[in-house]
Undergrad: 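I'd like to ask you about the structure that follows.
Labels below follow one simple rule: chain letters A, B, ... track the order of the sequence lines, proteins then strands, and each chain is numbered from 1.
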There are 2 protein chains.
Amino acid sequence: MTAPAHGQEVVPKFRGPATTAPLGVELSERETPVHPDTRRRAPAAHVTLDAVAREAGVSLATASRALNGTTRVRDDLRGRVRAAADLLGYIPNAHAQALASPEGNRTVGLICHDVGDPYFAGIASGVMRAAAEQDLLVMLASTFREPAREIAYVSMLRAQRARAILLIGSGFQDRAWERAMDAELEPYVRAGGRVAVVSRHRSMRVDTVQPENRAGAAALAASLVALGHRDFAVLSGPPELTTVADRLAGFREGLAAAGITLRRVVRGAFTREGGHAAACQLLAAGGARPTCVFAVTDVMAVGALAALREAGVRVPEDMSLAGFDDIPVVREVSPPLTTVALPLTEMGEQVIALALRTPSGAGRSRVLRIEGNVVLRGSTGAPPGS
Amino acid sequence: MTAPAHGQEVVPKFRGPATTAPLGVELSERETPVHPDTRRRAPAAHVTLDAVAREAGVSLATASRALNGTTRVRDDLRGRVRAAADLLGYIPNAHAQALASPEGNRTVGLICHDVGDPYFAGIASGVMRAAAEQDLLVMLASTFREPAREIAYVSMLRAQRARAILLIGSGFQDRAWERAMDAELEPYVRAGGRVAVVSRHRSMRVDTVQPENRAGAAALAASLVALGHRDFAVLSGPPELTTVADRLAGFREGLAAAGITLRRVVRGAFTREGGHAAACQLLAAGGARPTCVFAVTDVMAVGALAALREAGVRVPEDMSLAGFDDIPVVREVSPPLTTVALPLTEMGEQVIALALRTPSGAGRSRVLRIEGNVVLRGSTGAPPGS
DNA sequence: GCGCTTTCAGAAAGCGCTTTCTGGTAAGGT
DNA sequence: ACCTTACCAGAAAGCGCTTTCTGAAAGCGC
């Protein structure tokens with residue numbers, strides 16, 4: 001096996017498509033003997049439809065029609081055009097297509113906080129799968145949780161005239177941000193753009209794939225109560241995220257239904273480290289420890305699990321732990337985490353489907369509710385001493 | 001000056017999803033009050049530069065220059081243009097820009113096997129971060145390991161005239177595929193496109209971020225031998241992937257250096273389930289079990305770990321297990337996995353930097369070697385009975 | 001005050017397509 | 001044989017920008 005090429009000369013084994021005589025009108029350029037320093041010259045231009053038409057001996061319009069099949073074209077001509085396109089290695093210029101006709105645009109935008117996060121990666125994976133089926137290209141944007149960047153990306157996607165913009169992840173509960181986002185989205189939609197989101201955006205009237213965060217958290221709370229727990233703490237994320245607010249509220253509701261008051265809420269970043277830190281903080285606090293901890297996302301729960309282990313707290317013997325989302329990793333840790341399962345990939349498929357469906361009509365928006373299923377795994381058990 | 005006016009009547013009040021939400025996946029619609037006029041109008045056209053120029057009372061050319069700052073424009077005119085653009089909510093049409101000037105294109109393409117896979121998600125995350133810094137938009141493509149789809153995506157990205165195409169993940173060692181890929185890439189590069197890859201592509205002469213798979217696997221083998229192991233098995237992936245071939249070869253080399261012959265290679269899919277299945281197969285086989293197993297990727301190792309646990313094989317007491325890549329999850333499982341650590345995010349940043357750097361000159365390609373670090377964790381220990 | 005160079009706004013030529021619109025030709029009707 | 005249709009290829013008009021190219025006005029030295 002040859003070593004990877006470091007500074008290797010390109011072997012020009014590919015001589016270009018025009019090795020045979022031109023069929024149609026003369027293309028004098030081709031005849032030009034290749035000057036030795038062509039290498040350094042301006043890059044070879046792209047093959048245009050015009051060149052294909054000339055090669056096939058038809059008009060530009062016919063070439064376009066032959067390739068797109070929009071109108072009937074005589075079979076022999078169509079054949080000639082196809083052959084010419086093949087021969088020249090023609091690839092249409094997507095920008096020109098998009099400019100010439102609105103249907104030419106085959107891209108959608110996907111905005112999430114971080115593809116590196118398994119939650120978003122799961123949803124993105126679903127979006128990619130669905131997009132592939134419809135021959136769409138996805139422009140991905142990671143905001144790294146900066147609201148300003150999110151707005152900027154919407155603007156860029158507007159510039160790209162993306163068919164649809166998909167916003168994954170809950171919105172910020174912040175008036176200024178909401179206003180700015182609305183200001184971006186409203187003209188976009190008005191101009192025919194589609195918008196769909198995963199998770200609730202307080203002020204936005206757009207098609208939504210809505211995980212039942214509240215109900216799911218409440219159901220989880222009920223399950224944990226059923227295990228015998230009475231003493232709970234929550235590891236929460238940034239309160240301005242609607243997802244956090246909803247899950248926390250739902251969990252409280254679920255406890256309240258059993259007459260239990262949530263004892264403690266520790267706030268942390270929406271990351272593995274945030275969960276770790278929050279758990280440490282919880283353990284460091286004095287007083288009786290809760291018997292059960294709910295982390296508002298699995299990512300945080302994983303961090304919390306590590307923190308508990310480091311502190312010598314056995315899960316679930318000393319303390320039960322539950323998360324939310326059911327990202328793949330929670331099945332791999334020991335003990336596997338109890339969580340509220342969300343069909344992430346499917347949600348990704350749904351959100352793009354929602355966006356691409358025929359518009360729901362002026363001023364209408366759809367909400368696709370996604371039920372979360374409580375999955376009890378090894379990380380939860382009866383409270384100690386029961 | 002009137003505000004953009006296009007029906008600002010939209011009431012920015014959002015009632016939110018009904019809290020009496022029934023559980024289950026269901027679709028509901030909510031209605032937004034809309035001004036009667038707006039209802040069945042054709043979509044409002046986008047604001048064009050022409051409109052801005054008119055609003056500002058200058059020519060199209062001046063408006064363009066004022067906004068892009070390419071040439072000096074009198075201050076008062078520039079101010080007027082900026083104000084007009086703001087007022088109208090002008091967003092340039094990226095397609096038109098890209099068509100009119102090659103520099104107008106601010107997109108790069110990223111092709112990977114599956115963003116849902118933590119290995120690719122990690123690299124993609126790095127790419128996204130670097131792209132954001134340069135104000136580039138990333139078009140993401142997931143091939144789901146179908147070679148044909150990979151080729152098709154390159155073609156689509158060519159059509160988009162992406163500034164650069166990034167290929168993440170090893171190439172297929174398949175002549176037909178290589179030829180087809182070359183045929184796509186060669187004209188692209190010739191036309192000024194940039195290509196960079198992560199992992200070796202046998203036939204491709206392009207800038208490469210090259211994890212030292214071979215050396216890393218060899219070093220891992222040496223470390224495992226040092227722990228006392230003499231009896232090894234490898235859980236391998238599809239042999240046509242260069243990454244698999246290299247890691248397997250490297251591991252063999254490392255063992256050979258200690259005079260050890262690899263006993264067993266079990267092949268599985270390049271996924272968690274593939275690793276699980278391969279491990280099961282290994283255990284099901286008769287004869288003495290190896291004392292140490294190397295899975296060529298962490299993703300497979302995680303599956304293998306689950307399989308071992310299910311089979312009652314203790315890790316590392318009964319059998320040691322090691323992986324490759326150091327994806328985040330391996331630190332969370334118990335025991336944490338020994339692996340060869342690759343700086344995934346950084347690799348993502350590097351590959352886009354490599355692609356965007358000034359061309360290396362005709363026919364030259366760079367290789368950025370990334371060393372992997374052997375990280376011994378709890379999943380490996382002395383062989384049983386030592 | 002007269003030619004000279006600068007400076008900078010506007011007209012216009014594309015960029016590479018799609019899609020009318022136009023018109024020629026063949027088929028069909030009487 | 002004459003007139004309608006139908007069909008389909010080609011000419012041409014954009015799509016929304018950037019960037020020459022052009023020329024008017026202003027600045028300058030003598």
Undergrad: Quickly work out the B:Arg54 CZ to C:dA9 P distance and round it to whole Å.
TA: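 Taking atom P of C:dA9 as the reference, CZ of B:Arg54 is at 19 Å.
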Undergrad: Using whole Å, report how far NE2 of B:His46 lies from P of D:dC17.
TA: 10 Å
Undergrad: As a test of reading the structure: which of D:dC17, D:dC8, C:dG16 is closest to the side chain of B:Asn93, going by heavy atoms?
TA: D:dC17
Undergrad: When rounded to the nearest 0.5 angstrom, what is the spacing between CD in A:Gln350 and CZ in A:Arg366?
TA: 11.5 Å
Undergrad: Starting at CG of A:Leu136, measure out to CE of B:Met156 and round the result to the nearest 0.5 Å.
TA: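 Nearest 0.5 Å value for the CG-CE distance: 7.0 Å.
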Undergrad: Give none if C:dG10 has no partner; otherwise give the nucleotide forming a Watson-Crick or G-U wobble pair with it, both distances under 3.5 Å.
TA: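 Per the H-bond distance test, D:dC21.
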Undergrad: Which ones in residues 94-104 of chain A lie close to DNA chain D, meaning a heavy atom under 4.0 Å from one of its atoms?
TA: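 Residues of residues 94-104 of chain A under 4.0 Å from DNA chain D: A:Leu99, A:Ala100.
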Undergrad: Both B:Thr62 and A:Thr62 contact DNA chain C. Taking the nearest nucleotide for each, which residue is further toward the 5' end?
TA: B:Thr62
Undergrad: Is there a side-chain contact between A:Arg194 and A:Val108, using heavy atoms and a 4.5 Å cut-off?
TA: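 A:Arg194 vs A:Val108: side chains apart.
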Undergrad: Given atom CG of A:Asp50 and atom P of D:dA12, what is their separation to the nearest angstrom?
TA: 14 Å
Undergrad: When both hydrogen-bonding distances must be under 3.5 Å and the geometry is Watson-Crick or G-U wobble, what is D:dC30 paired with, if anything?
TA: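 D:dC30 is paired, partner C:dG1.
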Undergrad: Can you confirm whether the side chains of B:Thr48 and B:Asn93 place a donor and an acceptor under 3.5 Å from each other?
TA: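 No, no side-chain donor-acceptor contact under 3.5 Å.
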Undergrad: Is there a side-chain contact between A:Ile168 and A:Ile111 (heavy atoms, below 4.5 Å)?
TA: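 No, side chains not in contact.
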Undergrad: Which nucleotide in the list C:dG10, D:dA9, C:dC17 gets nearest to the side chain of A:Leu60?
TA: C:dC17
Undergrad: Report the distance from atom CZ of B:Arg161 to atom C1' of C:dC17, rounded to the nearest whole Å.
TA: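 Computing the B:Arg161:CZ to C:dC17:C1' distance gives 11 Å.
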Undergrad: Side chains of A:Val138 and A:Met128: does their closest heavy-atom pair fall under 4.5 Å?
TA: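 A side-chain contact exists here, since the closest heavy-atom pair is under 4.5 Å.
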Undergrad: Has the side chain of A:Asp86 got a donor or acceptor atom that lies under 3.5 Å from a matching backbone atom of A:Val81?
TA: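 Pair absent, no side-chain N/O of A:Asp86 close to backbone of A:Val81.
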Undergrad: When every nucleotide of nucleotides 20-25 of chain D is labelled 5' to 3' by its protein contacts under 4.0 Å (heavy atoms), B for base, S for sugar-phosphate only, - for none, what sequence of letters results?
TA: B-----
Undergrad: Within 45° of the axis and under 6.0 Å from the centre of the six-membered ring of B:Phe144, does NZ or CZ of A:Arg129 qualify?
TA: yes
Undergrad: Less than 4.0 angstrom between a side-chain N/O of B:Ser64 and OP1 or OP2 of D:dT18, yes or no?
TA: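 The answer is yes; a side-chain N or O of B:Ser64 sits under 4.0 Å from OP1 or OP2.
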Undergrad: Consider the side chain of B:Thr48, meaning its heavy atoms from C-beta on, and name the nucleotide among D:dG10, D:dC17, C:dC17 that approaches it most closely.
TA: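 Of the candidates, D:dC17 comes closest.
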Undergrad: May I have the distance from A:Leu77 (atom CG) to D:dC7 (atom C1'), rounded to whole angstrom?
TA: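 Distance check: A:Leu77 CG to D:dC7 C1' gives 13 Å.
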